[in-house]
Amino acid sequence: MDRIRIVGGQKLAGSIPISGAKNATLPLMIAGLLTQDTLILENVPRLADVVLLQRILGNLGVDIMIAGKRAGADPNSGRTIHVSAKNIVDTNASYDLVSQMRASFWVVAPLLARMGEAKVSMPGGCAIGTRPVDLLIMALQDLGAEIEIDGGYVIARTKNGLRGGKIVFPTVTVGGTHTAVMAATLARGTTEIENAAREPEVGDLADCLNKMGAKISGAGTSRIVIEGVDKLNGTRHSVLPDRIETGTYAMAVAMTGGDVLLQNARPELLQSALDVIASTGASVTATNEGIRIARNGGQIAPVEVTTQPFPGFPTDLQAQLMALTSRANGTSHITETIFENRFMHVQELARLGARIKLDGETATIEGVPRLRGAPVMATDLRASVSLVIAALAAEGETTVNRVYHLDRGFERLEAKLAACGAQIERLSA
Ligand code: EPU
């Protein structure tokens, strides 16, 4: 297994191109199942999760073609993929694949809407919490699906197709909202979703589906209304920039000091996180090209932050913020309200010298003047990258093990950081 070796202490300076968002790409690829025509997605990041989803969709009969680079094209631009679900040959998704990537469970919605049946493995728990799918099942039932659970599989059927209905989510769920939106596009009649997730990735999915001929209004608010249509067509859509990658590099600069332009980043996708970063003492400036983050000298101020659904502070930046505040001049409190077990990074940050105490869902972080490098490992994507950030600001050498977690969600991480002066390299196994 590959490792990443970092020698900390360098300020970051330069520019980092922000990739297309992983969490928008996945539902967009899955939405390709809703049409017989070809869906062309641009700005797709090169990530292990995209490759895995490609395999899962391939098993269902979806043809995915990845366009090569044109001469003269920007080497940092994302890829263009053609998703063609002309013939769906299978409506089953097995445990060995779905358990590797939870988002692949969402194929249940388009399969059911288009084929009238789907048998998809329940994903199981994961390193950040139990993560049930009861609300996704509820949404499909509200649209008239008959659901049975057998042998760890969700078996969903409709006799005469899905019909519009009212879905009221008791908690905000991104995957539940994606599922409900995809299923409702091809249902007969009108669907109303109350307490819908307002995450930008839901808006990106709805924009793409509307270009495909769907009639969705209100995406980005907590009430989404969908008029079902008979069929959808292909289109061309560019994936929105990754707000979590943006926030991650912004926090890296806020921690090491320096001056970096995050190219193509869009402030409105992560305003609450940018406000928190600014409150730690970094300067955050929106420019025509993206977001510029700088910190030159000065201490890191402590923060009080609670994770919330969008537009609140995202859970996917919680671990990175904990790394940043571990070097603050004072005590910070971070409360995690989305996932009950998303604190696996605490013990690893402690190996670098961080002082963090956990009490239920709240972490108390007593800032220390310096961190020192050490071997560390992590159990999920965002936790791993929090260790990278901390290592960049630590004295001496850190090796981060289990790099495959990083490869799931950060495109060319070492290259992007090295281009800004970080001493970081991948050690191949
Ligand atoms: N929940 C239920 N029942 C359900 C579904 C969700 O109780 O049927 C609960 C969850 O257990 C959690 C809360 O609702 O406590 C929110 O979960 P949500 O459904 O919103 O999460 P998700 O759709 O499974 C997506 C992202 C996650 C991100 C969360 C929250 C993708 C592929 N995944 O997950 O991203 O943390 O939304 O914003 O979009 C990551 O990228 O590292 C990652 C984990």
Side-chain angles (χ1 to χ4, degrees), residues 19-31 45 47-50 52-53 56 98 100-109 120 122-142 147 149 154 167-182 193 195-205 222 239-240 242-248 269-270 272-273 307-320 336-342 344-345 361 378-386 404-411:
S19 298
K22 167 180 84 84
N23 289 350
T25 303
L26 301 176
L28 286 166
M29 288 171 72
I30 290 172
L47 297 174
D49 271 7
V50 171
L52 182 59
L53 183 58
I56 294 170
V98 179
Q100 289 182 54
M101 185 176 53
R102 303 182 53 81
S104 60
F105 181 81
W106 303 341
V107 299
V108 69
V120 179
M122 294 171 77
C126 75
I128 63 176
T130 48
R131 304 184 75 183
V133 288
D134 54 320
L135 300 178
L136 284 68
I137 293 173
M138 176 202 85
L140 296 174
Q141 284 171 327
D142 289 342
I147 308 259
I149 294 174
V154 172
I167 301 169
V168 182
F169 284 115
T171 13
V172 175
T173 154
V174 174
T177 306
H178 285 325
T179 304
V181 167
M182 283 192 272
I193 307 174
N195 201 24
R198 289 180 281 167
E199 270 62 7
E201 293 75 21
V202 171
D204 207 35
L205 174 67
S222 51
V239 178
L240 93 175
D242 197 314
R243 63 195 165 99
I244 305 303
E245 189 194 26
T246 306
T248 300
L269 302 180
L270 72 159
S272 64
T307 62
Q308 297 285 350
F310 191 86
F313 187 92
T315 171
D316 290 344
L317 286 173
Q318 179 257 107
Q320 298 89 316
E336 170 59 56
T337 66
I338 310 293
F339 293 112
E340 72 278 10
N341 193 25
R342 202 169 203 181
M344 307 297 273
H345 42 284
E361 55 182 26
T379 40
D380 86 272
L381 168 60
R382 311 304 177 185
S384 308
V385 88
S386 77
Y404 59 84
H405 288 299
L406 288 170
D407 293 336
R408 294 187 63 171
F410 288 91
E411 183 175 24

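Ligands are counted one by one from 1 in listed order, and the atoms in each one are counted from 1 as well.
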Practice problem: Check step by step if side-chain hydrogen bond (donor to acceptor under 3.5 Å, both in side chains) holds for Gln318 and His345. | Solution: CA-CA 10 Å; Gln318 179 257 107; His345 42 284; 2.9 Å; yes
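Checking Val120, Thr179, Val98 one by one against Val107, the side-chain contact (heavy atoms from CB on, under 4.5 Å) holds for a single residue, Val120.
Enumerated by chain and number, the residues approaching ligand 1 to less than 4.0 Å through a heavy atom are Lys22, Asn23, Ala103, Trp106, Ile128, Arg131, Pro132, Val133, Asp134, Leu135, Leu136, Val172, Thr173, Val174, Gly175, Thr315, Asp316, Ile338, Phe339, Arg342, Leu381, Arg382.
Residue Gln320 holds its CD atom at 7.5 Å from CD1 of Ile244, rounded to the nearest 0.5 Å.
Counting only N and O atoms by type, the side chains of Gln308 and Thr337 include no donor and acceptor under 3.5 Å apart.
Between the Ser272 side chain and the Pro311 main chain, a donor and an acceptor come within less than 3.5 Å of each other.
Nearest heavy-atom pair, Phe169 versus Ala139, reported as atom, atom and distance to 0.1 Å: CZ-CB, 4.0 Å.
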